[in-house]
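Here is the structure we will look at.
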Amino acid sequence: MSKPAEKPPSKAVYVKSYGCQMNVYDSQRMADVMGAEGYREVATPEEADLILLNTCHIRERAAEKVYSELGRIRIIKDEARANGRKVMVGVTGCVAQAEGEEIVRRTKTVDLVVGPQSYHRLPGLVARAGVAPGVVDTEFPVEDKFKVLPAASEARTRARGLSAFVTVQEGCDKFCTFCVVPYTRGAEVSRPIAQILAEVEKLAAAGVREVTLLGQNVNAYHGMAPDGSEWTLARLLHRLAEVPGIARLRHTTSHPREMSDDLVAAHRDLASLMPSLHLPVQSGSTAVLKRMNRKHTRDDYLRLVDRIRQARPDIALTSDFIVGFPGESDADFADTMDLVRQVGFAAAYSFTYSARPGTPGAAMDGHVAEALQTERLHALQALVTAQQQAFQESLVGRTVDVLFEKAGRKPGQVVGRSPYLSPVQVIGPSSVIGSIVPVRITGAKTNSLDGVLAADDHMMAVHAAE
Ligand code: SAM
Ligand code: SF4
């Protein structure tokens, strides 16, 4: 049955996304679901009739940021009211799931609180909160939200650019002892193949060239195919590589324990699967990994890196680290630094341990003093930044394919991404936007690369020879 056409926009929604890429995807789907109700998406809260904060609960500071943002939003809401305009405010995502009723108790600014599994019900919840503020829905409903959610309109997809996220798996059954995700996002569920394929085909029809498949443990994906069989992530990637228009595929986040042979082989065999892989290790110490319940050792990880690099020698590996997990000794931390030196990462995120209420880690002995955690974090970040800079510099002089996405900040500049995910800027015509074009890298900064279009390079060489 075809979905009814969107109502013409009469109201505006602003969605602010915190945390991971899965939240970015969810925020877009919230804008889509409200779009079907006649809400256009706006870029600032001041323009909005409905403000949604799609929150992250992974670390304590992430939740505190939300409460301070609510303080700013209260001013916007009060000013709008003084001008005779009603603004509604919703907290969604993982803070909503974890804190529920507490949010509406703590601040009168919030009209509705919606967990990550209930956002397909937003229109009904907004309507209810319009009559009686303080609506809370943090259920894990039995219906499949992806079946109910409307697809993004073609115009909205185009406005979001050439690269799109598609969540293929949600939740987590791993229960790492530091992590709230299994509690806020629920059990691991893989979306069926046909649903994902339809979504990717629709994105491709609207001009999307690059798709990143998302999941908390995306490489544990096992989705139902139309014939009733179960497909792995590798098989899904092979199928998506056939979708006309999709030139680049990526996936994140992968768990070291779930890196199956067929996925490693896909990184060798599939030209459209980009050579970058986010593979969080968290610690280089086997003893700490055990307390974290990561279910892999330091050696397992190092062996896995070798296997992946044998399959795809140029792969850019990135990772996540937590320093100062309970019981982490100087020797444990030295193991982490040593692992980083052995692997050589293209980039990494690192955090000091944040005890999350209700997780087993929060009750563990061996608290590491904050000053020591910070000292270790700085040492790790200095090492990782040096590796990132070295990786970027290793590309200077090489020609890499760049998917050009948009105009740059400087006149005549266009910006795209390398296969390794770094932004690349060149001086060139805007006609390259949407295409994958070879670029010779001429300079490296820690977070971006400068280059020249290889075609311009060739012309200059011809002129010089004449
Ligand atoms: N599922 C992914 C995995 O298994 O690695 C990552 C999920 S989590 C959203 C992203 C990162 O946040 C983790 O890899 C970890 O480094 C960090 N993180 C999670 N809980 C944390 C905590 N309690 N304190 C500090 N960092 C944390
Ligand atoms: Fe959290 Fe561990 Fe699950 Fe990743 S695998 S989401 S870190 S519990």
Side-chain angles (χ1 to χ4, degrees), residues 17-26 54-65 93-95 97-98 116 165 167-190 212-221 233 251-259 277-285 288-296 300-301 304 317-328 333 336 339-340 345 347-364 366-368 370 373-374 376-377 380-381 384:
S17 209
Y18 296 80
C20 67
Q21 290 151 322
M22 292 185 75
N23 261 12
V24 174
Y25 175 82
D26 288 349
N54 191 22
T55 60
C56 169
H57 200 238
I58 204 82
R59 281 169 295 277
E60 195 179 356
R61 241 179 299 152
E64 281 316 310
K65 266 193 213 160
C94 293
V95 174
Q97 188 66 41
F165 292 135
T167 291
V168 298
Q169 182 238 40
E170 281 205 300
C172 183
D173 299 334
K174 294 274 188 298
F175 290 93
C176 300
T177 53
F178 52 81
C179 186
V180 290
V181 169
Y183 311 96
T184 56
R185 291 260 170 182
E188 205 174 293
V189 178
S190 294
T212 303
L213 304 183
L214 302 178
Q216 290 298 351
N217 284 288
V218 74
N219 54 347
Y221 174 85
L233 183 70
H251 60 90
T252 197
T253 294
S254 289
H255 193 289
R257 249 180 57 122
E258 305 283 357
M259 207 63 208
L277 180 67
H278 190 57
L279 195 63
V281 62
Q282 313 297 355
S283 167
S285 153
V288 172
L289 289 170
K290 193 158 196 292
R291 281 201 298 282
M292 287 178 164
N293 192 32
R294 288 291 289 179
K295 300 194 176 79
H296 61 82
D300 292 337
Y301 189 84
L304 174 59
L317 292 175
T318 59
S319 196
D320 290 346
F321 293 90
I322 296 177
V323 300
F325 187 72
E328 185 190 70
F333 179 64
T336 296
L339 178 134
V340 174
F345 290 100
Y349 298 101
S350 43
F351 316 95
T352 53
Y353 171 64
S354 170
R356 308 312 286 126
T359 60
M364 282 184 189
H367 173 79
V368 178
E370 227 166 85
Q373 291 196 30
T374 308
R376 288 179 184 168
L377 185 70
L380 177 60
Q381 286 181 338
V384 164

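Whatever order the structure lists them in is the order used to number ligands and atoms, beginning at 1.
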| message | With heavy-atom distances below 4.0 Å as the criterion, list the atoms of ligand 1 near Arg59. | response | 12 (O), 17 (C), 18 (N), 24 (N), 25 (C), 26 (N), 27 (C)
| task | Return yes when atom CD of Glu60 has more than 12 non-hydrogen atoms of other residues, nucleotides or ligands closer than 6.0 Å, and no otherwise. | result | no
| said: In terms of relative ring orientation, are Phe345 and Tyr301 parallel, tilted or perpendicular, with 30° and 60° separating the classes? | reply: tilted
| note | ligand 2 atoms nearer than 4.0 angstrom to some heavy atom of Phe178 are 7 (S)
| message | Looking at Phe175, I'd like to know if its CZ atom is crowded, meaning that more than 12 non-hydrogen atoms belonging to other residues, nucleotides or ligands lie closer than 6.0 Å. | response | yes
| task | May I ask you to check whether Phe325 and Phe333 place their ring centers less than 6.0 Å from one another? | result | no
| Among protein heavy atoms, which lies nearest atom 11 (C) of ligand 1, and at what distance? | Asp320 OD2, 3.4 Å
| said: Regarding atom 6 (C) of ligand 1: of the candidates Met22, Arg185, His255, Gln216, which has the closest heavy atom? | reply: Gln216
| message | Side chain, backbone, both or neither: which applies to Pro182 and ligand 2 if a contact is any heavy-atom pair less than 4.0 Å apart? | response | side chain
| query | Nearest protein heavy-atom contact for atom 25 (C) of ligand 1: which residue, which atom, what distance? | reply | Thr352 O, 3.4 Å
| For ligand 2, is Arg294 a contact, meaning one of its heavy atoms is under 4.0 Å away? | yes
| message | Taking a cutoff of less than 4.0 Å between a non-hydrogen atom of the residue and any ligand atom, is Arg294 in contact with ligand 1? | response | yes
| field | Shortest protein heavy-atom distance from atom 8 (S) of ligand 1, along with the residue and atom involved | value | Ile58 CD1, 3.7 Å
| query | With the threshold set at 4.0 Å, does a side-chain nitrogen-carboxylate oxygen contact exist between Arg294 and Asp300? | reply | no
| task | Return yes or no for this condition: an N or O of Tyr353 is under 3.5 Å from an N or O of ligand 1. | result | no
| When you measure from atom 24 (N) of ligand 1 to every protein heavy atom, which one gives the shortest distance, and what is it? | Ser354 N, 3.0 Å
| Which ligand 1 atoms, with their elements, are less than 4.0 angstrom from a heavy-atom of Pro280? | 5 (O)
| message | Below a 4.0 angstrom heavy-atom separation, can you tell me which part of Asn217, side chain or backbone, both or neither, approaches ligand 2? | response | side chain
| query | Does the shortest distance from atom 1 (Fe) of ligand 2 to an N/O/S atom of Cys172 fall below 2.8 Å? | reply | no
| ligand 1 contacted by Val180 (non-hydrogen, < 4.0 Å) | no
| request: Applying side-chain contact (heavy atoms from CB on, under 4.5 Å), run through Val24 and Met22 and close with a yes or a no. | output: CA-CA 5 Å; Val24 174; Met22 292 185 75; over 6 Å; no
| Side-chain H-bond candidate by donor/acceptor type, Ser350 with Gln381, under 3.5 Å | yes
| query | Are the side chain of Asp320 and the backbone N or O of Gln282 linked by a donor-acceptor pair below 3.5 Å? | reply | no
| query | Between Thr55 (side chain) and Val95 (backbone), is there a donor-acceptor pair under 3.5 Å? | reply | yes
| message | Can you confirm whether Lys65 is buried at NZ, in the sense that more than 12 heavy atoms of other residues, nucleotides or ligands lie under 6.0 Å from that atom? | response | no
| Part of Phe175 with heavy atoms under 4.0 Å of ligand 2, whether side chain, backbone, both or neither | backbone
| query | Taking the side chain from Arg185 and the backbone from Cys172, do they hold a donor-acceptor pair closer than 3.5 Å? | reply | no
| query | Any N or O on Phe178 sitting closer than 3.5 Å to an N or O of ligand 1? | reply | yes
| message | With heavy-atom distances below 4.0 Å as the criterion, list the atoms of ligand 1 near Thr253. | response | 2 (C)
| Ser17 OG to Asp26 CG distance, which is reported to the nearest 0.5 Å | 7.5 Å
| field | Numbered atoms of ligand 1 (with element) below 4.0 Å of Gln282, judged on heavy atoms | value | 5 (O), 13 (C), 14 (O), 15 (C), 16 (O)
